[in-house]
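Chain letters run A, B, ... following the sequence lines, proteins first, then strands; residues in each count from 1. Atom set for the values below is all heavy atoms of this structure, side chains included, hydrogens, waters and symmetry mates excluded.
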Protein chains: 2
Amino acid sequence: MGRLEMSGEDNLLRLVEAEDGDENNYHLQDQVGFILRKAHQRHVALFASHIGDLTPPQFAALAKLHDIGETSQNQLGTLIAMDAATVKGVIDRLKARGLVEVSKHEVDKRRLLVNLTPQGREAIERLIPLARAITEETLAPLTAKEAATFLRLLAKLA
Amino acid sequence: MGRLEMSGEDNLLRLVEAEDGDENNYHLQDQVGFILRKAHQRHVALFASHIGDLTPPQFAALAKLHDIGETSQNQLGTLIAMDAATVKGVIDRLKARGLVEVSKHEVDKRRLLVNLTPQGREAIERLIPLARAITEETLAPLTAKEAATFLRLLAKLA
DNA sequence: CTGATATCATTTGCATACGAATGAATTTGA
DNA sequence: TCAAATTCATTCGTATGCAAATGATATCAG
């Protein structure tokens, strides 16, 4: 648009279209939600390329259990930002692979306690160094100072 | 730990545990992948609260079609960062709701052309102002300058 | 021209992710 | 104390998201 020789009418058209292009047009690729989704996709792909047999949510569950020890499924979900339905599936799959074990809470019979198995502990301790490398690689496009700024601002949004 | 009166042995233990806590401990909540996942979740929730009957990927498809006009399903997927299997599902659901229509490419019989229907055009034009508000609300925890910095760095990662 | 490659779309299988509904158990409050 | 509200876990339905396999079509190279 605006690349042709213009009559008076074309001039008006160009003005309208320029206004449309600069102010009214919606650029998906500039929206924070769209870029956030792509950045998240990139991180998941990097994670998969380094840790193929565990997903980021599964890793998060193991890492948190390693950090705090036995907890209820519900509490674990809160700590790793998963709703009850999602954490159920994650724990079921980790249980099926022998990385966690569940038991009933002695006094509060509603609660399902989750804990690492020895294999789970071995796995998470082996994988944590790889996870550190994934974090580094995810942030690799930024300088150290930029990465620090980015993490500070990202945390404000999360 | 380190809160009890200590013998020499306890002192050594405390040192070891302090080292563990400060250097060897892995803090999930500080990892970029985990925070990225939470920020993305927050945005999706904000989106849902404003635009309840369309998901961010569905909105992205409509917005891109509105921007560029008819394209192949595959090309659309590339533009909105979805693989072929995912974009298929998104388009199927938009088609079922009468927001897009598909047709066969005249010369290249492999391609499936996708375009907005009049209802789809009406919907996206009505929703774009809401999407702008969602972007603003997502970035609300940041100052204008911080938001600009954040978007610049986020784009580098995506 | 034709066999090897590449592209486009589809399908299947698996893994999040969340809303809503349900049931069991616990806690609260009048 | 006991009915109401809350919490914990499960289940169902729907929607991404991706890997891998498949089939149809198109392009390329010799």
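Taking atom NE2 on H105(A) and atom P on dT26(C), their separation rounds to 10 Å, with Å as the unit. Rounded to whole Å, the distance from CD on Q41(A) to P on dA15(C) is 19 Å. Going from atom CG of D108(B) over to atom P of dG23(D) covers 20 Å, rounded to whole Å. If you measure from atom NE2 of H40(B) to atom P of dT16(D), you get 11 Å, rounded to the nearest angstrom. Rounded to whole angstrom, the span from the CZ atom of R111(A) across to the P atom of dG23(C) amounts to 23 Å. What separates CG of D53(B) from C1' of dA15(D) is a distance of 14 Å, to the nearest Å. Straight-line distance from the CZ atom of F34(A) to the P atom of dG17(D): 10 Å, rounded to whole Å. Here dC18(C) presents its C1' atom at 12 Å from CZ of R37(B), a figure rounded to the nearest Å.
Across all strands, V107(B) comes closer than 4.0 Å only to sugar-phosphate atoms, never to a base (heavy-atom distances). Using a 4.0 Å heavy-atom distance criterion, T55(B) is classed as a sugar-phosphate-only contact.
The main-chain N or O of T55(B) is found under 3.5 Å from a side-chain atom of Q58(B) such that the two form a donor-acceptor pair. The main-chain N or O of L46(A) is found under 3.5 Å from a side-chain atom of H50(A) such that the two form a donor-acceptor pair. In this structure, the side chain of T71(A) engages the main chain of G69(A) through a donor-acceptor pair within 3.5 Å. Within the 3.5 Å criterion, the main-chain N or O of A81(B) finds a donor-acceptor partner in the side chain of Q41(A).
Closest to the side chain of P57(B), out of dC8(D), dG17(D), dA6(C), is dG17(D). Closest to the Q58(B) side chain, of the nucleotides dA17(C), dT16(D), dT25(D), is dT16(D). The side chain of L112(B) has dT10(C) as its nearest neighbour among dT10(C), dA24(D), dT16(C).
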Item checked: Verdict with supporting geometry, F34(B) and I80(A), side-chain contact (heavy atoms from CB on, under 4.5 Å) -> CA-CA 8 Å; F34(B) 183 71; I80(A) 60 181; 4.3 Å; yes

Notebook entry, point to check: Would R111(A) and N74(A) count as a side-chain contact (heavy atoms from CB on, under 4.5 Å) if you check the C-alpha gap in whole Å, the side-chain angles of each, and the deciding distance to 0.1 Å?
Noted result: CA-CA 8 Å; R111(A) 298 191 196 175; N74(A) 205 275; over 6 Å; no

Notebook entry, point to check: Is there a side-chain contact (heavy atoms from CB on, under 4.5 Å) between K88(B) and Q73(B) once you walk through the steps?
Noted result: CA-CA 7 Å; K88(B) 166 89 163 70; Q73(B) 189 172 276; 4.0 Å; yes

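Within residues 87-96 of chain A, the residues approaching DNA chain C are V90(A), R93(A), by heavy-atom distance under 4.0 Å. Listed in residue order, the members of residues 67-85 of chain B having a heavy atom less than 4.0 Å from DNA chain D are D83(B), A85(B).
The aromatic rings of F47(A) and F59(A) lie perpendicular to each other, with more than 60° between the two planes, well past the 30° mark.
Grouping the Ile, Leu, Val, Met, Phe, Trp and Tyr side chains by contacts below 4.5 angstrom, directly or via other members, places I128(B) with V100(B).
Both A45(B) and P56(A) sit near DNA chain C, but only P56(A) has its closest nucleotide nearer the 5' end.
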